[in-house]
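Following: one structure in structure tokens, then a few remarks.
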Amino acid sequence: MAKHARPGLALFGLACLLAGLAGIAGLMVAVYGASDACTAWAMKLGLAGSLLASAFAQVLVLLGGWSLWRALHGPPTAST
């Protein structure tokens with residue numbers, strides 16, 4: 001770890017990353033699953049709900065990755 005390690009930000013990033021990945025996996029199962037329960041969930045979500053849930057999960061993954069990067073590498077420094 002770098003000398004600027006921030007464990008709180010790293011835990012937040014890891015939690016966001018895992019929640020986003022779980023959301024994407026759950027959405028894929030709900031939309032592409034073959035069971036009747038999956039079909040019912042896909043019909044309840046609809047296209048707009050599916051796109052909104054996917055966007056939210058992707059933002060969580062991006063936020064988690066960025067937070068982990070910042071926690072491990074510290075704040076950006078000016079290189080002049």
Side-chain angles (χ1 to χ4, degrees):
M1 294 192 100
K3 62 182 178 180
H4 301 289
R6 298 160 73 182
L9 187 61
L11 286 175
F12 173 74
L14 187 62
C16 285
L17 189 66
L18 290 176
L21 290 174
I24 290 171
L27 187 61
M28 288 177 65
V29 168
V31 171
Y32 298 113
S35 70
D36 292 336
C38 290
T39 304
W41 269 103
M43 291 299 133
K44 284 182 185 178
L45 278 176
L47 181 61
S50 173
L51 290 174
L52 187 62
S54 175
F56 181 71
Q58 289 176 30
V59 166
L60 280 177
V61 169
L62 187 64
L63 178 65
W66 179 81
S67 297
L68 279 174
W69 179 265
R70 287 291 305 258
L72 295 177
H73 295 285
T77 58
S79 58
T80 55

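When each of Leu63, Leu11, Val61, Leu62 is tested with Cys16 by the rule side chain to side chain contact (heavy atoms under 4.5 Å, CB included), just one qualifies, namely Leu63.
When the side chains of ILVMFWY residues are joined at heavy-atom separations under 4.5 Å, either directly or via intervening members, Tyr32 and Leu27 end up in a single hydrophobic cluster. Put simply, Leu21 and Leu68 are part of the same group of oily side chains (I, L, V, M, F, W, Y) that touch within less than 4.5 Å, one to the next.
Between atom CE of residue Met28 and atom SG of residue Cys38 there is a gap of 12.0 Å, rounded to the nearest 0.5 Å.
Looking only at side-chain heavy atoms (C-beta outward), Ser54 and Ile24 stay at 4.5 Å or farther from each other.
Annotation for Ala71 and Ala10: closest pair CB-N, 3.6 Å, computed over non-hydrogen atoms. Contact detail for Ser67 and Gly13: the closest heavy-atom pair is CB-CA, 3.6 Å. Val31 and Ser50 get closest at one heavy-atom pair: CG2-OG, 4.0 Å.
Residue Leu60 belongs to a hydrophobic cluster whose other members are Phe56, with links defined by side-chain heavy atoms closer than 4.5 Å.
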